[in-house]
Amino acid sequence: MASVESQIAELRRQLDEHSYRYHVLDDPIIPDAEYDRLYKELVTLEKDHPELVTPDSPTQRVGESPLSEFTEVTHEIPMLSLDNAFSDEEMGAFDKRVRDRLEFAEIHYTAEVKLDGLAISLLYERGKLVRAATRGDGTTGEDVTSNIRTIKSIPLALRSTGYPDRLEVRGEVFMTKSGFEELNIRQEEQGEKLFANPRNAAAGSLRQLDPMITARRPLQFLAHGIGIVEGATLPASHFEVLQTLKTWGLPVSADTERVAGIEECIGFYRRIASRRSQLPHEIDGVVFKVDDLKQQAALGFVTRAPRWAIACKFPPEEAVTEVLDIEVQVGRTGALTPVARLKPVRVGGVTVTNATLHNADEVQRKDVRAGDTAVVRRAGDVIPEVVRVIPGKRPETTEPFSMPARCPVCGSPAERVEGEAAVRCTGGLHCRAQAIQSIIHFASRKALDIEGLGEKLVEQLFNTGLVRNIADLYHLEHDKVAALERMGDKSAENLLRAIETGKNTRFDKFLYALGIREVGETTARNLALHFQLDELKSATQEDLCGVRDIGPVVAENIVRFFRDERNLSIINEVLTAGVRWEDAKEQQVTHLQGKTFVITGTLASLSRNEAKERLVSRGAKVSGSVSGRTDYLIAGENPGSKLDKARSLDIEILDEAALMQILEKL
Ligand code: I6G
């Protein structure tokens with residue numbers, strides 16, 4: 001039996017290793033539950049042997065009692081701010097200034113994301129975290145060491161060797177968007193105040209005098225630079241410094257690249273801007289730093305900002321405007337959605353005139369009224385939404401909003417199903433709005449992908465009586481389409497060709513296209529792996545519940561859909577018109593051939609290598625990183641940033657069960 005000392009040392013080593021893999025390498029190899037088990041084992045041993053507890057043990061993150069106030073810290077090297085650029089021209093002007101000063105034709109930069117968090121300085125002496133301070137005014141900040149120690153991604157002791165005797169690491173403390181949302185839900189449940197955004201939540205959490213409170217907040221850290229370095233020489237470029245920090249256990253954003261010249265800077269800016277809303281954390285821009293540290297030194301500083309760095313800001317994602325009115329829209333499944341009509345406002349780089357209020361509960365919770373002044377948010381391609389109203393700006397005569405009792409489009413009664421947030425129109429496909437939306441959905445990219453058949457054209461076809469349901473699409477005549485306003489011969493030809501092309505589809509896409517309530521892409525794919533169309537038509541709720549991820553509610557929707565004679569006759573008409581697909585099983589075989597997979601996270605039933613071998617033996621390629629060429633991402637437990645990247649690139653994501661199903665089918 002190993003001595004208690006060596007058991008404790010081994011547990012700490014393992015916990016540190018797993019923490020490093022999780023926070024820095026983004027490549028965990030054990031599930032959270034296993035980490036928790038090891039941690040508990042260490043707690044128990046340390047409890048029985050308190051003499052063996054050391055301050056850098058992973059169990060000692062929350063050791064301190066509450067403070068009465070934060071003490072001041074003077075930064076030995078001031079923490080500067082960054083100059084900003086708001087356009088390509090301003091970025092170009094920065095690059096030109098740098099090139100002119102250095103008399104160099106092309107500069108290499110490190111490109112980083114600018115997290116919307118709080119700048120923090122971490123001081124390590126002989127590898128141990130001895131002090132953490134806020135930026136403050138750049139010269140003096142506050143000592144927040146005991147709070148910072150509670151952040152699991154910040155190492156209490158550096159890993160590996162070769163680090164300086166004194167090393168100051170600088171970076172950002174922040175909260176992920178999901179962490180922030182979960183925190184606010186908890187706050188609400190406990191009757192505590194809600195935070196306005198992740199940045200405020202991070203700031204509020206770090207300014208707690210009681211570290212126990214901070215420890216319960218989902219704070220994270222990413223390093224972006226260094227201050228004091230004594231007793232060792234660091235690499236000669238900023239990019240390499242960041243890589244070296246990683247080897248010492250400090251997390252660095254995966255979205256960090258070395259780029260050459262202003263064109264590549266602008267490319268990085270655009271790539272990150274397009275993924276901004278899918279990133280797990282909020283960012284307000286990107287930062288470019290001259291990569292060569294000698295060049296940085298030659299450039300020096302102007303007053304409070306380095307000449308060698310620039311922050312290129314994104315347009316703000318929130319803006320304040322007036323709610324002119326609240327209208328109710330009817331969706332494909334009959335759900336009534338309250339929508340705020342807004343006084344036009346620039347937000348997230350575009351002019352916004354409408355914002356969703358989601359459902360009646362949301363309107364009530366936020367108490368949004370026509371006439372209010374409200375904060376509106378538009379993040380990426382996400383539909384703009386009303387975040388909150390500003391109570392002080394409410395005019396005296398406003399009325400609370402209430403959902404109509406009848407569908408505003410067809411007049412059918414609106415009903416709220418027990419346990420659902422949505423109020424629905426009961427008119428079904430007799431409701432014009434639902435009928436139009438179901439055709440739009442059928443033609444959409446992830447469904448039958450009928451190019452050019454968008455909202456406007458569907459409305460036109462519907463309103464002129466040419467298309468009343470999806471089957472009518474296949475009876476369209478060229479001359480009648482060409483005679484429509486704004487159409488003509490060429491457009492009619494294009495539309496009919498696109499409808500023809502869309503006939504060659506996949507069974508899962510067809511199922512998705514039918515618009516069965518709650519049958520999204522993944523459910524449709526699972527159904528297609530299990531059933532042929534005829535089997536599905538007669539499947540019972542019980543049969544359906546045997547399919548992965550299908551519960552009784554979805555099963556009931558499917559059964560009800562296929563019991564409806566009208567739906568069956570439309571499906572028949574569509575198939576008679578020539579809509580077809582290959583057998584799903586065969587399709588999967590050809591499907592894997594030449595497809596590129598990436599695997600992230602831990603798989604429970606086989607190792608990554610086994611998964612790789614089995615995919616490769618079926619003709620697929622397995623790559624280590626997600627890119628535009630990736631076809632599928634397999635996401636196991638604790639998936640890393642590859643999952644975010646895949647989402648941002650709209651890459652199909654499969655879980656382990658889906659992978660197993662594919663492998664077993666072949
Ligand atoms: O405030 C900052 C945010 C991000 C920074 C920064 C940064 O790099 C990604 N880098 C420097 C050099 C400074 N402030 C001064």
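In each ligand, atom 1 is the first atom listed, and ligand 1 is the first ligand listed.
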side-chain contact (heavy atoms from CB on, under 4.5 Å) with Ile262: which of Ile107, Asp88, Asp95?
Asp95
In order of chain and number, which residues sit within 4.0 Å of ligand 1 by heavy atom?
Leu80, Leu82, Glu112, Val113, Glu172, His224, Val287, Lys289, Trp308
Please answer whether the main-chain N or O of Phe221 pairs with a side-chain N or O of Ser153 as donor and acceptor at a distance below 3.5 Å.
yes
Is the backbone of His238 close enough, under 3.5 Å, to the side chain of Asp291 for a donor and an acceptor to pair up by distance?
yes
Is it true that Tyr35 and His18 have ring centroids separated by less than 6.0 Å?
no
A cation-pi test, strictly: NZ or CZ of Arg159 under 6.0 Å from the centre of the six-membered ring of Tyr20 and no more than 45 degrees from its axis. Yes or no?
yes
Check the side chains of Thr150 and Arg216 for a donor-acceptor pair under 3.5 angstrom, ignoring hydrogens and angles.
no
